[in-house]
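For the numbers below, each heavy atom of this structure counts, side chains included, while hydrogens, waters and symmetry mates do not. In what follows, chains carry the letters A, B, and so on, assigned in the order in which the sequence lines appear, proteins first and then strands, with residues in each chain numbered from 1.
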2 protein chains.
Amino acid sequence: MSETHNEAGAELLEVVPQLMRAIRDHMRQHRAADLSVPEFRTLGFLDQHSGTSLIAVADHIGLSPASMCRLMDGLVERCLVTRERKFDAVDRRYVTLELTARGRAILKSARATTQAYLAEVLAALSPAERATVVQAMQLLNPLFTSEREKERMLAREHDGHF
Amino acid sequence: MSETHNEAGAELLEVVPQLMRAIRDHMRQHRAADLSVPEFRTLGFLDQHSGTSLIAVADHIGLSPASMCRLMDGLVERCLVTRERKFDAVDRRYVTLELTARGRAILKSARATTQAYLAEVLAALSPAERATVVQAMQLLNPLFTSEREKERMLAREHDGHF
DNA sequence: TATTGTTATACTCTATAACTATA
DNA sequence: TATAGTTATAGAGTATAACAATA
């Protein structure tokens with residue numbers, strides 16, 4: 001366990017909570033979209049994986065199935081997502097989740113607003129510095145996907161499920 | 001608002017919540033220290049700013065004074081922090097917050113454990129890649145300190161308070 | 001009047017456990 | 001038996017508002 005490992009770890013531990021708080025506070029203040037961070041991420045996942053199942057979303061976002069189920073209740077109630085049980089499905093235990101037109105619109109608007117806020121803050125950096133940030137995020141991204149999701153993605157390759 | 005701003009913003013929005021969840025989940029699982037992320041950060045701040053006030057900590061961590069007061073109740077109850085009203089103080093509205101020996105020990109242990117976890121994950125990166133991560137965090141750190149804390153640090157220069 | 005800190009209260013987020021339906 | 005999803009319940013975390021003491 002070298003010094004550089006620990007230095008990077010220490011920096012993450014210092015900075016990530018601040019970043020997270022800034023993002024969360026911004027989203028909370030911005031009443032237009034009225035999405036929590038997990039709700040926002042859920043809509044983003046459904047946008048890219050239309051028709052996916054509850055457990056798949058839960059694994060990706062990192063929530064328990066029960067919590068995701070409740071979160072989804074809220075999204076369905078607000079008409080941002082449709083949740084269907086298809087009785088002619090191959091496996092009738094699965095539910096089919098899709099964005100509505102309204103869900104797509106809200107996602108787009110929330111994404112634009114939050115990215116604009118972040119862009120404003122990041123404007124203090126030089127283009128080269130921003131490139132460093134992008135690069136770091138791309139390095140970190142694959143390291144912190146949940147074990148469950150990795151298993152699911154492997155299983156998908158074999159089964160062709162979803 | 002150039003493309004690079006938005007790209008960096010988009011990456012942050014994608015990756016930061018995942019990082020945060022990994023950190024939080026790890027801390028929650030690790031029952032030894034039994035600290036939430038804000039509690040951990042609070043101890044860290046008190047370690048570096050011994051004798052500071054409630055509002056100063058609240059501003060730094062990004063919690064309302066009321067929430068920080070409750071969080072501090074818990075730390076005091078667990079004998080990790082002392083909270084004193086000094087009746088010979090210059091300004092008797094302020095409270096004096098300090099780590100106990102136990103608080104310092106718990107902080108050190110929690111920091112070691114979490115950094116070890118992160119180091120393990122970051123071991124998948126090359127030294128150069130880890131350096132990129134460190135650099136990015138150091139760039140982001142000053143950008144996301146709260147407005148209130150900036151004001152407070154300016155005021156401190158004038159007043160010599162704390 | 002303004003600020004520090006506290007208490008009261010309520011709401012959001014999340015997890016665990018127990019359950020149903022399907023495989 | 002095992003898995004997908006749901007419901008019930010409880011706990012953590014946080015905010016707002018109202019308040020006390022001090023400036």
**Request:** Take the protein atom CD1 of B:Ile61 and the nucleotide atom C1' of D:dT14, then report the distance between them rounded to whole Å.
**Result:** 14 Å

**Asked** Given atom CG of B:Asp91 and atom P of C:dT4, what is their separation to the nearest angstrom?
**Response** 8 Å

**Message:** So, does A:Arg93 get its side chain near the phosphate of D:dT3, meaning an N or O under 4.0 Å from OP1 or OP2?
**Reply:** no

**Request:** Give the ring-plane orientation class for A:His26 versus A:Tyr117, where under 30° counts as parallel, over 60° as perpendicular and anything between as tilted.
**Result:** parallel

**Message:** C:dA15, OP1 or OP2 - any side-chain N/O from A:Ser64 closer than 4.0 Å?
**Reply:** yes

**Request:** Report the distance from atom CG of B:Leu71 to atom P of C:dT7, rounded to the nearest whole Å.
**Result:** 14 Å

**Asked** Any side-chain heavy atom of B:Glu14 within less than 4.5 Å of one from A:Met137?
**Response** no

**Check: A:Leu97 and A:Thr82 side chains under 4.5 Å, non-hydrogen atoms** = no

**Message:** Is A:Ser67 close enough to C:dA15 that one of its side-chain N or O atoms is under 4.0 Å from OP1 or OP2 there?
**Reply:** yes

**Request:** Report which part of the nucleic acid B:Leu63 touches: base, sugar-phosphate, or nothing (heavy-atom distance under 4.0 Å, all strands).
**Result:** sugar-phosphate

**Complete:** Minimal heavy-atom distance between B:Gly9 and A:Gln115, with the atoms involved, is C-CG, 4.3 Å

**Request:** Using the closest heavy atom to pick a nucleotide of DNA chain D for each, name whichever of B:Pro65 or A:Thr96 lands nearer the 5' end.
**Result:** A:Thr96

**Asked** Looking for any heavy atom pair under 4.0 Å, which part of the strands does A:Arg85 touch: base, sugar-phosphate only, or nothing?
**Response** sugar-phosphate

**Prompt:** Mapping B:Glu39 and A:Arg83 onto DNA chain D by nearest heavy atom, which one lands closer to the 5' end?
**Reply:** A:Arg83

**Request:** Measure from the side chain of B:Arg92, starting at C-beta and using heavy atoms only, and say which of C:dG5, D:dT22, D:dA8 lies closest.
**Result:** D:dT22

**Atom-pair distance (CG on B:Asp59; C1' on C:dT3), nearest Å** = 12 Å

**Message:** Show, in sequence, the C-alpha distance, side-chain angles and deciding distance for B:Arg130 and A:Glu11, and conclude whether the salt bridge (Lys or Arg N to Asp or Glu O under 4.0 Å) test is met.
**Reply:** CA-CA 11 Å; B:Arg130 280 196 296 276; A:Glu11 291 289 341; over 6 Å; no

**Message:** Please list, in numerical order, the residues of residues 20-28 of chain A that have a heavy atom closer than 4.0 Å to any atom of DNA chain C.
**Reply:** none

**Complete:** On DNA chain C, more 5' by nearest nucleotide between B:Arg70 and B:Leu54 is B:Leu54

**Item:** Protein-nucleotide distance (A:Met68, atom CE; C:dA15, atom P), rounded to Å
**Value:** 10 Å

**Interatomic distance, B:Phe87 CZ vs D:dT22 P [rounded to whole Å]** = 7 Å

**Item:** salt bridge (Lys or Arg N to Asp or Glu O under 4.0 Å) between B:Asp73 and B:Arg83, worked out
**Value:** CA-CA 9 Å; B:Asp73 289 345; B:Arg83 173 171 48 185; 2.8 Å; yes

**Request:** Considering just the side-chain nitrogens and oxygens of A:Ser36, establish if one lies under 4.0 Å of OP1 or OP2 belonging to C:dT12.
**Result:** no

**Validation row: A:Leu43, A:Phe40 side chains within 4.5 angstrom (heavy atoms)** = no

**Message:** Please report the distance, rounded to the nearest Å, between CG in A:Asp34 and C1' in C:dT12.
**Reply:** 12 Å

**Message:** How many whole angstroms separate atom OH of A:Tyr94 from atom P of C:dA21?
**Reply:** 19 Å

**Asked** Between A:Met68, A:Arg41, A:Arg70, which is the residue that forms a side chain to side chain contact (heavy atoms under 4.5 Å, CB included) with A:Leu63?
**Response** A:Met68

